[in-house]
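A, B, ... follow the sequence lines: proteins, then strands. Residue 1 opens every chain.
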2 protein chains.
Amino acid sequence: MATGRTHRPATRSRGIPEATVARLPLYLRALTALSERSVPTVSSEELAAAAGVNSAKLRKDFSYLGSYGTRGVGYDVEYLVYQISRELGLTQDWPVVIVGIGNLGAALANYGGFASRGFRVAALIDADPAMAGKPVAGIPVQHTDDLEKIIKDNGVSIGVIATPAGAAQQVCDRLVAAGVTSILNFAPTVLTVPDGVDVRKVDLSIELQILAFHEQRKAGEEAPMETAVGEGALPASAPRGAAADDSADQGPDGDVPAVMPA
Amino acid sequence: MATGRTHRPATRSRGIPEATVARLPLYLRALTALSERSVPTVSSEELAAAAGVNSAKLRKDFSYLGSYGTRGVGYDVEYLVYQISRELGLTQDWPVVIVGIGNLGAALANYGGFASRGFRVAALIDADPAMAGKPVAGIPVQHTDDLEKIIKDNGVSIGVIATPAGAAQQVCDRLVAAGVTSILNFAPTVLTVPDGVDVRKVDLSIELQILAFHEQRKAGEEAPMETAVGEGALPASAPRGAAADDSADQGPDGDVPAVMPA
DNA sequence: CCATCTTTGTGCACGCGTTCACAAAGACAT
DNA sequence: ATGTCTTTGTGAACGCGTGCACAAAGATGG
């Protein structure tokens with residue numbers, strides 16, 4: 001998957017392990033699908049298969065929430081949907097602002113999945129004056145100057161950053177200062193935030209690079225051609241300045257427009 | 001952050017821990033920035049700060065690649081850029097296809113970060129005949145019918161799925177059958193793939209839900225109002241059908257158009 | 001050539017997460 | 001009521017990842 005972690009390490013929130021929290025949305029999605037098909041109950045085995053995990057893990061995950069199953073039968077779908085929704089805080093409304101309405105920001109604004117799960121796009125914000133007032137996904141874009149006022153007027157606590165990397169930290173600082181305590185970062189930068197603020201990042205480039213690593217490894221294993229493709233053929237005495245030809249085509253990566261993480 | 005993992009669990013690729021692989025792109029980005037500023041060497045402390053990790057972790061990560069540092073001095077920036085690039089397989093060209101040219105697919109196609117790191121958009125594919133031939137980001141969209149031929153002609157091994165959830169598995173199967181062995185999935189579904197195929201997923205909705213969980217917890221701690229907001233006040237005898245009012249507004253989540261993961 | 005200082009590389013311990021395997025609990029039939 | 005069968009909930013073991021703390025390595029200056 002495509003997600004790096006930036007939350008505090010071993011912070012067991014209310015006894016629920018972080019790894020479990022990360023899987024709850026997966027279970028919820030599978031359960032919602034079952035609910036729509038009016039399936040009354042489901043076993044840990046079936047649900048685990050639908051969510052793509054093994055059943056032991058699922059049962060242990062649920063055990064952190066309480067004993068919601070019935071032995072010999074399974075779990076009540078509706079009931080579990082409710083419990084997980086409540087646990088994730090999805091029974092309440094979360095106003096969200098998106099900052100940086102470029103290619104990606106616009107795509108996010110148009111994303112229908114926002115509203116369906118308690119998330120509501122309260123405002124779109126961009127630094128380009130030419131964008132101001134222009135409607136995107138039916139919502140008029142507002143200028144960065146009004147960021148603080150927008151946050152406070154709408155009681156926003158979750159912000160989405162889809163700006164170029166260069167602007168991300170500054171936007172982040174302003175969001176936090178205005179009261180935002182959770183940030184979803186699409187910009188290819190490491191954000192620095194004070195304690196108590198959660199940051200999660202989505203980074204396309206990183207995901208692709210991880211895939212490339214495994215892809216290279218696969219290729220190297222199947223066909224150990226030449227001097228072993230993926231292997232470090234050169235010991236410690238490798239050409240120290242051999243990176244010259246490679247660094248040339250690496251443009252200003254941290255300055256790409258507001259499209260997608262790099 | 002916004003990334004779920006779907007790779008095989010404890011697969012130490014060539015001795016390099018998965019957690020380390022996931023951080024290499026972070027280091028590479030920080031190093032590239034230093035390289036552009038013509039900084040010759042960097043200490044583990046400085047680089048760690050730039051990448052947002054602690055120095056011990058960084059040094060241990062690098063130790064898996066080999067001894068590329070100089071005690072008392074630090075790491076040679078150019079040399080390290082080269083080594084990490086090579087390790088990640090970024091010294092070669094990776095043709096990539098994007099399937100599903102909706103809002104998100106188009107944003108991805110326009111993403112400049114692709115080309116800058118060895119990734120090249122070889123083709124855009126969509127099921128809508130009306131899209132065929134229409135250029136997006138300067139590349140003409142091709143119809144799904146030609147998927148297999150496109151994959152083979154271009155030697156594509158990495159596919160990006162940005163279709164609606166309903167079409168994702170089918171597209172995935174076709175990609176895999178055609179020879180793709182790495183998939184980056186933006187559709188809100190669990191993909192089932194044969195052994196040897198890597199899947200990573202990017203899921204906006206999941207990330208937001210995780211943030212909401214923490215956000216709710218924060219709110220519940222600060223103000224333990226009413227009957228403890230995030231707490232399960234109801235034991236095992238909770239209202240079994242209480243989910244009715246909640247499941248109403250949850251529309252067909254798995255069927256959203258090709259915009260973004262739900 | 002020796003002493004000092006800086007910074008790497010890593011042995012070790014600890015904690016989280018995963019998995020196994022099974023006892024306990026309940027449904028269901030007789 | 002009793003027995004059988006299914007499925008949950010969890011104790012325990014294991015493995016990976018993280019962070020500490022320090023010895024080893026090399027640079028630098030006298």
Can you find a heavy atom in the side chain of [X] that is under 4.5 Å from one in the side chain of [Y]?
X: B/Ile16; Y: B/Glu87; result: yes
X: A/Lys201; Y: A/Thr189; result: no
X: A/Leu24; Y: B/Gln209; result: no
X: A/Val180; Y: A/Ser157; result: no

Quick one: is B/Tyr75 getting a side-chain N or O under 4.0 Å of the C/dG9 phosphate, OP1 or OP2?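 Yes.
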
So, is A/Ser44 close to the D/dT8 phosphate, meaning a side-chain N or O under 4.0 Å from OP1 or OP2?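 Checking D/dT8 against A/Ser44, a side-chain N or O does come within under 4.0 Å of OP1 or OP2.
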
What string of B, S and - do you get for nucleotides 20-30 of chain D, 5' to 3', if B is base contact, S is sugar-phosphate-only contact and - is no contact with any protein heavy atom under 4.0 Å? BB--BB-S---

Grab the [atom1]-[atom2] distance between [X] and [N] for me, whole Å please.
X: B/Tyr79; N: C/dT8; atom1: OH; atom2: C1'; result: 15 Å
X: A/Tyr27; N: D/dT8; atom1: OH; atom2: C1'; result: 14 Å
X: B/Tyr68; N: C/dG9; atom1: OH; atom2: C1'; result: 14 Å
X: A/Glu46; N: D/dT8; atom1: CD; atom2: C1'; result: 14 Å
X: B/Leu80; N: C/dT8; atom1: CG; atom2: P; result: 11 Å
X: A/Glu18; N: D/dT18; atom1: CD; atom2: C1'; result: 16 Å
X: A/Leu58; N: D/dT10; atom1: CG; atom2: C1'; result: 14 Å
X: A/Lys57; N: D/dG11; atom1: NZ; atom2: C1'; result: 19 Å

Could you verify whether a donor N or O on one side chain and an acceptor N or O on the other, from [X] and [Y], lie under 3.5 Å apart?
X: B/Arg86; Y: B/Thr91; answer: no
X: B/Gln83; Y: B/Tyr79; answer: yes
X: A/Asp76; Y: A/Thr41; answer: no

Of the nucleotides C/dG17, C/dT10, D/dG9, which has the atom closest to the B/Ser63 side chain?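 For the B/Ser63 side chain, the nearest candidate turns out to be C/dT10.
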
Sugar-phosphate, base or nothing in reach of B/Phe62, heavy atoms under 4.0 Å: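 Nothing: the residue B/Phe62, judged by heavy atoms under 4.0 Å, touches no strand.
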
